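Keep in mind the model is a prediction, meaning the values are calculated, not measured.
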Amino acid sequence: MPRLSVIIPVRRARGHLRECLESVLSQSFTDIEVIGVDDGAPDGSGLLLDEFAARDDRVQTVHLPADEGAGAAGRRNAGAERAVGDYFLFLEGNFVLLPGALQAVADRLDATGDPDLLLFGHHKRPFRGRPQPTRSLELLCGLPAGRLTLAEHSGLLDIAPVSWNRAVRRTLHESEKLAFGPGQHGERMYALQTLATAASVAVLPLACVEHRRQRYLPDLADESEPTDGTTPLQLVEAYAGLMTFLGDRPALHPLRTLLFDRAAQELLGGYPSVKRRRRRRYVRSVAAFHRTHRPEGHRFPDGAKGLRPRLIGAGRYVALGALDTVLALRRGARSAPAALRAQAKGRLSARYYWWQRRRPLDRGLAVYAAYWNRGVSCNPEAIFRKAQELAPGVRGVWVVSKNQVDAVPPGIDHVVPGTRRYWALLARATYFFNNVNFPDHLVKRPGQIHVMTHHGTPLKIMGLDQMEYPAAAQGLNFDRLLQRVGRWDWSVSANPHSTEVWARAYPSAARSLETGYPRNDVLTTATGAQIAKIRAGLGIRPGQRAVLYAPTHRDYEASFTSRINLERLADALGPGTVIMVRAHYFYDGAGLPDRPTLLDVCDHPRIEELCLAADALVTDYSSVMFDYAALDRPIVVHAPDWETYRTVRGVCFDLLSGAPGDTPGAVSTSTEELARILLDGSWDSAENGALRAAFRARFCPYDDGHAAERVVRAVLLGEPAAPGGRLPSITGRA
């Protein structure tokens, strides 16, 4: 008998079913059977199941009569009746298993001694959206690794109650006579039944399934599943069935209070969604549920927290409605003045900005910003500092968010967005420097000069190129993007590769300034004493090797996920190596394990200083590699998910081709391989040194320490640029 039975109930999934089946059959773990259940869907899904069954003997198809009206519950139950594997896994026809999922499930089952139930994580992918981690995955990461029970860990109830995020032991399913009930809530009750009856539960804090939401089309809804306003009443009936299920099993009586509380919470939460004309009936149904199934001695919380549960449990429809009315009036009273003030302020700001734009431009005023007003940093800061030296007649003012004001270095003039001075600066400044676009509300006047400095060399596709990668372009309005790009007068470029990409991705009349990146000047000019001071400030001991791990952002992940087991890497490298971990600024920290050689530098204000402190860089697809290459120090690319990244995000060139100019050094795909590279000397071998030299030649041709000067002389002092946008060599100038 197979180890795992993957049961796939199918209903009008023809467009996605092939990818679903291939995601299962291509898994590295092969001791499986796949049972596809079709009930005569007119889109031909059953024919596709037969096609796969004909070419792979692990697949079998169950065809239910088209007029049986089995519904989702019938399809799942029919698949479970046919399955003979040790464990059941259910998968929807429009979902996919992620690579390595079944091997991870099998390994976890073996490691935990074949528990009754294994819960695993999933990603959620909205329709026309990017995959995102889920709260369930986060909760799984916080649960103990051993065998658990619901009685001891009530937090298991917070894991999504669905059929496709768990492996259910067949003997449990059969001995407890588990089955999917009818209606939209039958799957939820099955999931809760598995938790309640399992004598042992294990967790796998890994995303194994990608839950793909589909566009809802009423005419394609499952006719066997009601979709009218009775759904809340069905939830009452479903929970009544669950409580009866518990009542029929004396061994489960200790769980009745826990599951009754969960039912009461959800039934109360469903009250606002009930249409007003049906609310009285709904409240009566919930009250009847409370009378029948409320455990003896159960008490709701005292005070305001328990007021609404007590009212709905007692069937107090009028009192419950009155309470909701009072609370709504209170919320409205509190929010109305704030809303009115915000509207008035917006109108006044717009009129003030309009009036200021009628005044003459200030030829000696420049506005600077970086990373959506996060503070003084990056290329704009390097230009600002050099302008103070070479163009003192042009004063600079930084736009800084209110919550970042305290981090502004002393002596730097700054303004908070939305204030009167902010609108005056936007209206009257002549020069604008930013490494991202200024907001849409900025109106560019004739005579104003905008300089886009950018903030990285592109490996991933950018701008209009993202139109071919919808998962990477979620929420991006290309028409507005073109309007913002249309404000550019200069586009600073780090190298010829960037010049070509920017011209394609951001088509505009902007002139290219191939100066190199101003922020990287310090990488060329820093002295040994300055570097030693930076290392000492970070706590790096003399003689200790420092490795900077700086992975990039993934559009399909909402939080930082290390592709390296940092704990194992730190242990392997030993006390002679400190690992500085720098998560992308889109993420809120790295959440490092407790190891003395792991250093969280996510909040360090200067990535350039971290580069100077590091003896080697480990990254995946971050543009920091192009900056770090200017130091001519070893780079290791850790790329275990390269194919996923290049497919979902899109890239400009093949980073892992191994060709000179493409790959900057050694490449690893696992923690063990990375540790070996850093221990056996291959991280700094002659072969990888040659790759690094070719990479530097391609991406760092202008890094001589004078990039900021070239920008200031071209934009603020009006010196002519060379044909490629560069200024003539100025090495040796005072």
Practice problem: Could you tell me whether R279 sits above the aromatic face of Y271, with NZ or CZ closer than 6.0 angstrom to the six-membered ring centre and within 45 degrees of the axis? | Solution: yes
Quiz prompt | Short N-O contact, R582 and D603, less than 4.0 angstrom | solution = no
Quiz item: Does the pair D86/R169 count as a salt bridge with the N-to-O cut at 4.0 Å?
Solution: no
Exercise. Over all heavy atoms of both residues, which pair between L258 and S154 is shortest? Give the atoms and the distance, please.
Key: CD1-CB, 3.7 Å
Self-check item: Carboxylate-amine/guanidinium contact D158 R262, below 4.0 Å
Solution: yes
Exercise. Please say which of T149, L143, L140, L139 ends up in a side-chain contact (heavy atoms from CB on, under 4.5 Å) with L156.
Key: L143
Exercise. Return yes if a side-chain donor-acceptor contact under 3.5 Å exists between H173 and Y190, otherwise no.
Key: yes
Self-check item: Stepwise side chain to side chain donor-acceptor pair (under 3.5 Å) test for Q103 and D107
Solution: CA-CA 6 Å; Q103 185 65 61; D107 290 346; 2.8 Å; yes
Exercise. Could you tell me how the ring of F289 sits relative to the ring of H293: parallel (under 30°), tilted (30 to 60°) or perpendicular (over 60°)?
Key: tilted
Quiz item: Has R76 got its NZ or CZ under 6.0 Å from the middle of the six-membered ring of F180, at an angle within 45 degrees of the ring axis?
Solution: yes
Practice problem: Please report the closest heavy-atom contact between A199 and D116, naming both atoms and the distance. | Solution: N-OD2, 2.9 Å
Quiz item: Does a side chain donor of either S45 or R11 reach within less than 3.5 Å of an acceptor in the other side chain?
Solution: no
Quiz item: At what distance, to the nearest 0.5 angstrom, does CG of L21 lie from CG of D56?
Solution: 10.0 Å
Quiz item: Just by distance, with hydrogens left out, do E81 and N77 show a side-chain donor and acceptor under 3.5 Å apart?
Solution: no
Self-check item: R563/D641 salt bridge by N-O under 4.0 Å criterion
Solution: yes
Practice problem: Answer with yes or no after comparing the ring centroid distance for F260 and H298 against a 6.0 Å cut-off, counting only values under it. | Solution: yes
Exercise. Please test E187 against S163 for side chain to side chain donor-acceptor pair (under 3.5 Å), starting from the C-alpha separation and ending with a verdict.
Key: CA-CA 6 Å; E187 181 184 16; S163 62; 2.6 Å; yes
Quiz item: Short question: side chain of S23, backbone of L97 - any donor-acceptor pair under 3.5 Å?
Solution: yes
Practice problem: Tell me, with the steps shown, if D248 and K177 meet salt bridge (charged side-chain N to carboxylate O under 4.0 Å, His left out). | Solution: CA-CA 12 Å; D248 292 341; K177 297 180 174 56; over 6 Å; no
Exercise. Calculate, to the nearest 0.5 Å, the distance between atoms NE2 and CG belonging to H63 and D39 respectively.
Key: 11.0 Å
Quiz item: Considering all heavy atoms of both residues, which atom of E92 and which atom of P9 are nearest to each other, and what is their separation?
Solution: OE2-CG, 4.1 Å
Practice problem: Identify whether the distance between the nearest side-chain nitrogen and carboxylate oxygen of K305 and D302 falls below 4.0 Å. | Solution: no
Quiz item: Where is the tightest heavy-atom contact between I35 and G79, given as atom of each residue plus distance?
Solution: CD1-O, 3.8 Å
Self-check item: Atom CZ of R170 with >12 non-hydrogen neighbours under 6.0 angstrom
Solution: yes
Quiz item: Stepwise, does the salt bridge (charged side-chain N to carboxylate O under 4.0 Å, His left out) test hold for D571 with R595?
Solution: CA-CA 8 Å; D571 291 343; R595 283 290 188 277; 2.8 Å; yes
Quiz item: Is there a donor-acceptor pair closer than 3.5 Å between any side-chain N or O of T134 and the backbone N or O of H122?
Solution: yes
Quiz prompt | Side-chain donor or acceptor of S5 paired with backbone N/O of E33 under 3.5 Å | solution = no
Quiz item: For P182, does its backbone N or O pair with a side-chain atom of Q234 as donor and acceptor, under 3.5 Å?
Solution: no
Quiz item: If you look at every heavy atom in A167 and F120, which pair is closest and at what distance?
Solution: N-CE2, 3.8 Å
Quiz item: Roughly how far, to the nearest 0.5 Å, is CG of L150 from CD of E152?
Solution: 10.0 Å
Practice problem: State plainly whether the residues R568 and E672 are in salt-bridge range, i.e. N to O under 4.0 Å. | Solution: yes
Self-check item: Geometric cation-pi criterion, R249 with F245: 6.0 Å, 45°
Solution: yes
Quiz prompt | Between H211 and N165, a side-chain donor and acceptor under 3.5 Å | solution = no
Quiz item: Quick check: does any side chain N or O of R108 sit under 3.5 Å from a backbone N or O of V203, one acting as donor and the other as acceptor?
Solution: yes
Quiz item: Rounded to the nearest 0.5 Å, how far apart are CG of L255 and CG of L195?
Solution: 9.5 Å
